[in-house]
Amino acid sequence: SVVIVLNTAIAIVQEIKAKITVEKLSYISSPKITVIREGGEKQIASTDLCLDDIIKLSVGNQIQVDCILKEGHIEVNESMLTGESLPVKKSEGDTLLAGSFIVSGGCIAQVDKVGKDCYIQTVAKEVKKFKSPQSNLFKDINSLIKYIGIIIVPIGLLMLLNNYFAYNKEWSIAIAKTCGSITGMVPAGMFLLITIALSLGVIKLGKKKTLVQDKYSIEMLARTNVLCLDKTGTITDGTMRVCEHINIGSVEGVSNEQVISNLLNAQNSSNQTSNAMLLFYKKSGELTATHNIEFSSKRKFTATSFLGLGTFAIGAPEFLNLGELDADISSLIFEKTNEGKRVLMLAYSSEEIIADDLPDKMTPLALVVIEDHIREDAVDTINWFKNNGVKIKIISGDNPYTVANIAKRVGVENADACISLEGMSLQEVEKIANDFTIFGRVSPEQKHALIKALKNSGKTVAMTGDGVNDSLALKEADCSMADGSEVARNLSNIVLLDSKFSSLPSVVREGRQVINNVQQSSPLFLMKTIFTILLSLLAIVTTSPYPFSPSQLLILEMFVIGLPSVI
């Protein structure tokens, strides 16, 4: 019929538009690799890598091909290959497998295998294939059609007999009228309606610089009632500055500022925190480094042993083997964190680093106070979610009091309900997931446990993330949104290409509009189904002939259902 042709044509056009939009955006967000060719560095697509290419890798990069580490020391997460979430140390000569990603350090590597020869392609194709979000719309329609199918069989048989006798035993007329009855009971076009609506959503979000990698995630986004955020990159814009340096002690022959400059020089990788310290302290290579521990989100510190001096470490105070701090120092740290600032400690030991472990007893030397810059649009964005029934939870690796203070400033409800997850087991984390708003000192495994616990309690959970430490949780969330590192983008249903926290309300609003459109159009199809079932039952009970043939339903299909639902 005209309705079927029209609906099919519209669906095809919308699917093509959605596909073109996704392809354009996928090209923008496709991973780029730094390769050394002809004596210089250049950025190329991962698909253009060749055997024996020399590539540079750093924190956050997902390894795209199997390669051999030639220079540097790194730690990689191979959970996508082995299921083991703990970082694995790699040094010169070790093999780096495609599908893993770098969590600390940087290196130079040589491409060893590409394409189908890579390990991940030969033994683990399914590892990177994640379960699509379950569509409640399709689930409900499938249930509806199942029940209608059960009803159609007895009604159809009775209608056939009724029409056979009502039309003077003319089988051709009886069959035609019965077909009119049966086809009228089927809510034809509802699947197309949902496909068109979701495809339109993909296109509209694409115009807002949002890449939807699974169109059914739009529905899960619309149903979200808990949004889990990281502080950095969402409430704050990721930029930091050192606002204060406080000396506590010293080591003979070298100043604390000089030590920090040399510590920064010894690192092979960088992040926003180290960039802020570089602006304040600069780099210096006058001290000879004998051993170095790169920063990772799990350790929360970096440390270097210098020739003739001992070991210096800088990071979160509670991770530096400091023992019980003096009351004055603890009070000072508490005061700064309550102001919403991040406090790092410079600590010292005369002993050397052994097997990538800090010496047992470190001595505090200085405090480095760092200030995050809150996004200008954070308050309005948080208020939008608050006013639209979405509960905010903030999951961060920072001190919970620092995060709570910043959360209060932007209007997060119940920001006083904060807790540190340091030292907690995964079972303990799952028990408190619904009791707190701010979670600090969270490990990647604990993040995953929090998301899982919230889902198990009946919540529809969306999560934003921008780093490799978010990967397990992004995979678990009902709907995941990401910017930042390659692995976060690859794991997420939705990618925010402009990295703007303020774009989240429009993304959620679009998802809700799509679902509302479908729910408001669905009664048009169900009206015809209910009307036909009741009319058929009336004809059977009164032994009257069924009045309509399939062709006579065209006006109803076209003007009452088809065109209005499309519009």
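Around the NZ atom of Lys455, the shell of radius 6.0 Å holds more than 12 heavy atoms that belong to other residues, nucleotides or ligands. Summarising the local packing, NZ of Lys208 is surrounded by more than 12 heavy atoms from other residues, nucleotides or ligands at distances under 6.0 Å.
Side chain of Ser104 to backbone of Ile74: no donor-acceptor contact under 3.5 angstrom is found. Under a 3.5 Å cut-off, the side chain of Asp478 and the backbone N or O of Ala462 do not form any donor-acceptor pair. Judged purely by atom type and a 3.5 angstrom limit, Thr236 has no side-chain atom pairing as donor or acceptor with the backbone of Asp372. Using a distance-only test at 3.5 Å, with no hydrogens or angles considered, a donor-acceptor pair links the side chain of Gln64 to the main chain of Gln62.
In the model, Thr460 has no side-chain atom that pairs as donor or acceptor with a side-chain atom of Asn225 under 3.5 Å. Side chains of Gln267 and Thr302: a donor-acceptor N/O pair is present below 3.5 angstrom, by distance only. Counting only N and O atoms by type, the side chains of Thr34 and Gln43 include a donor and acceptor under 3.5 Å apart. Checking Asn405 against Glu339 by side-chain atom types alone, no donor-acceptor pair falls below 3.5 Å.
A search for ring pair (Phe, Tyr, Trp, His ring centres under 6.0 Å) contacts involving Tyr281 returns His245, not counting sequence neighbours.
Only one option out of Asn399, Thr402, Thr337, Asp398 pairs with Arg342 in a side-chain hydrogen bond (donor to acceptor under 3.5 Å, both in side chains); it is Asp398. Each of Leu344, Val242, Val368 was checked for a side-chain contact (heavy atoms from CB on, under 4.5 Å) with Thr273, and the lone residue meeting it is Leu344.
Salt-bridge formation is detected for the pair Glu318/Arg441: a Lys NZ or Arg NE/NH1/NH2 atom is positioned less than 4.0 Å from an Asp or Glu carboxylate oxygen. Contact check on Lys408 versus Asp416 returns a salt bridge, with a Lys/Arg side-chain nitrogen under 4.0 Å from an Asp/Glu carboxylate oxygen.
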Assess the residue pair Glu244 and Lys336 against the criterion (salt bridge (Lys or Arg N to Asp or Glu O under 4.0 Å)); give the C-alpha distance rounded to whole Å, side-chain angles, the decisive distance to 0.1 Å, and a yes or no. CA-CA 10 Å; Glu244 199 172 355; Lys336 297 301 178 183; 2.9 Å; yes

